[in-house]
Amino acid sequence: MAKKLIAYYSRAGENYVSGTLKMLTVGNTEVAAGIIKEFTGADIFKIEQTKPYSKGYNDCIEEAKADQQSNARPTLLSYPDSIDEYDVIYLGFPNYWSTMPMAVFTFFRVF
């Protein structure tokens, strides 16, 4: 049987839900990762920055945009020991201006 990993970046706090800003205790991508885990039984790893973005949506957008413009590679809280054992990797993240959040680039840089 194939060994599977779900690696995801998600942000709780103020987010758009059905066109309205709402405070979320769990980010949208984390919810999706949990659903995928239920169906696949995959291991799960949350990609988290040591310095998270602000909880407020507009502040977060400005911080994320500045990181993207400077091609930042935010430091992560942790990393999996290895991804070599996995046959399938599901990667989840919000779309930040037609690309990945910079923390996801950091995640890939390690491997």
Side-chain angles (χ1 to χ4, degrees):
M1 177 174 280
K3 184 132 170 112
K4 300 170 188 155
L5 172 68
I6 302 162
Y8 71 94
Y9 178 89
S10 189
R11 187 188 151 276
E14 194 174 40
N15 278 284
Y16 272 100
V17 177
S18 301
T20 304
L21 284 173
K22 294 186 180 184
M23 286 300 278
L24 303 177
T25 56
V26 177
N28 296 318
T29 307
E30 187 168 354
V31 171
I35 293 168
I36 294 168
K37 180 174 178 51
E38 284 181 36
F39 283 102
T40 65
D43 295 338
I44 198 161
F45 180 81
K46 184 174 184 179
I47 301 167
E48 297 179 272
Q49 298 169 209
T50 55
K51 184 180 179 220
Y53 292 134
S54 296
K55 296 281 185 198
Y57 180 81
N58 291 319
D59 292 334
C60 170
I61 293 301
E62 291 305 314
E63 294 162 358
K65 188 183 294 183
D67 277 355
Q68 185 183 49
Q69 289 171 344
S70 68
N71 202 28
R73 295 296 183 264
T75 305
L76 302 184
L77 284 176
S78 64
Y79 302 88
D81 292 332
S82 172
I83 59 171
D84 294 341
E85 66 187 281
Y86 295 102
D87 302 302
V88 176
I89 298 175
Y90 301 95
L91 180 64
F93 54 86
N95 181 333
Y96 285 6
W97 303 283
S98 302
T99 190
M100 301 182 295
M102 302 315 285
V104 179
F105 285 99
T106 301
F107 177 79
F108 280 128
R109 189 175 181 176
V110 172
F111 303 104

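These numbers come from a predicted model, not from an experiment. Here, residue 1 is the first one in the sequence, and each next residue gets the next number.
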Open item on the list: Listing request: all ring-ring contact (aromatic ring centres under 6.0 Å, His included) pairs with a residue in residues 17-36, at least two apart in sequence or in separate chains.
Closed with: none

Task: Nearest heavy atoms of A33 and I6, plus distance in Å - done: O-CD1, 3.6 Å

Task: Contact list for residues 85-95, test salt bridge (charged side-chain N to carboxylate O under 4.0 Å, His left out), sequence neighbours left out - done: K3-E85

Open item on the list: If I take atom CD from residue Q49 and atom CD from residue E63, how far apart are they, to the nearest 0.5 angstrom?
Closed with: 9.0 Å

Task: ring-ring contact (aromatic ring centres under 6.0 Å, His included): pairs with one or both residues in residues 15-34, sequence neighbours excluded - done: Y16-Y57

Task: Residue pairs fulfilling ring-ring contact (aromatic ring centres under 6.0 Å, His included) with at least one residue in residues 61-84, sequence neighbours excluded - done: none

Task: N58: partners by side-chain contact (heavy atoms from CB on, under 4.5 Å), with sequence neighbours left out - done: none

Please tabulate, for the side chains in residues 68-75, all donor-acceptor contacts under 3.5 angstrom to protein atoms that are two or more places apart in sequence or on a different chain.
residue	atom	partner	partner atom	Å
S70	OG	A66	O	3.1
S70	OG	D67	O	3.3
N71	OD1	R73	NH1	3.0
N71	OD1	R73	NH2	3.4
R73	NH1	N71	O	3.3

TODO: Output the distance between atom OH (Y53) and atom CD1 (I61), rounded to the nearest 0.5 Å.
DONE: 9.5 Å

Task: With sequence neighbours excluded, residues passing side chain to side chain donor-acceptor pair (under 3.5 Å) with Y86 - done: D43

Open item on the list: So, using side chain to side chain donor-acceptor pair (under 3.5 Å) as the criterion, who are the partners of E14 when residues are at least two apart?
Closed with: none

Task: Min side-chain heavy-atom separation Y9-M100 under 4.5 Å - done: no

TODO: Please identify each residue that fulfils side chain to side chain donor-acceptor pair (under 3.5 Å) with N28, with sequence neighbours left out.
DONE: none

Open item on the list: By the side-chain hydrogen bond (donor to acceptor under 3.5 Å, both in side chains) test, which pairs, at least two apart or in different chains, include something from residues 90-109?
Closed with: none

- [ ] Specify the closest pair of heavy atoms between L24 and A12, including all atoms of both residues, with the distance to one decimal.
- [x] O-CB, 3.3 Å

TODO: Grab the two heavy atoms, one from L5 and one from A42, that are nearest each other, plus how far apart they are.
DONE: N-CB, 4.1 Å

- [ ] Scan residues 16-35 for pairs that pass salt bridge (charged side-chain N to carboxylate O under 4.0 Å, His left out), counting only residues two or more places apart or in two chains.
- [x] E30-K46

Open item on the list: So which atom in P101 and which in P94 form the shortest heavy-atom distance, rounded to 0.1 Å?
Closed with: CD-O, 3.3 Å

Task: Student check: side-chain heavy atoms of F107 and F45 closer than 4.5 Å - done: yes

Open item on the list: Among residues at least two apart in sequence or on other chains, which ones pass side-chain contact (heavy atoms from CB on, under 4.5 Å) with I35?
Closed with: V31, F39

Task: Distance in Å, I47 CD1 paired with L91 CG, rounded so as to fall on 0.5 Å steps - done: 5.5 Å

Task: R11 side chain vs K55 backbone, donor-acceptor pair below 3.5 Å - done: yes

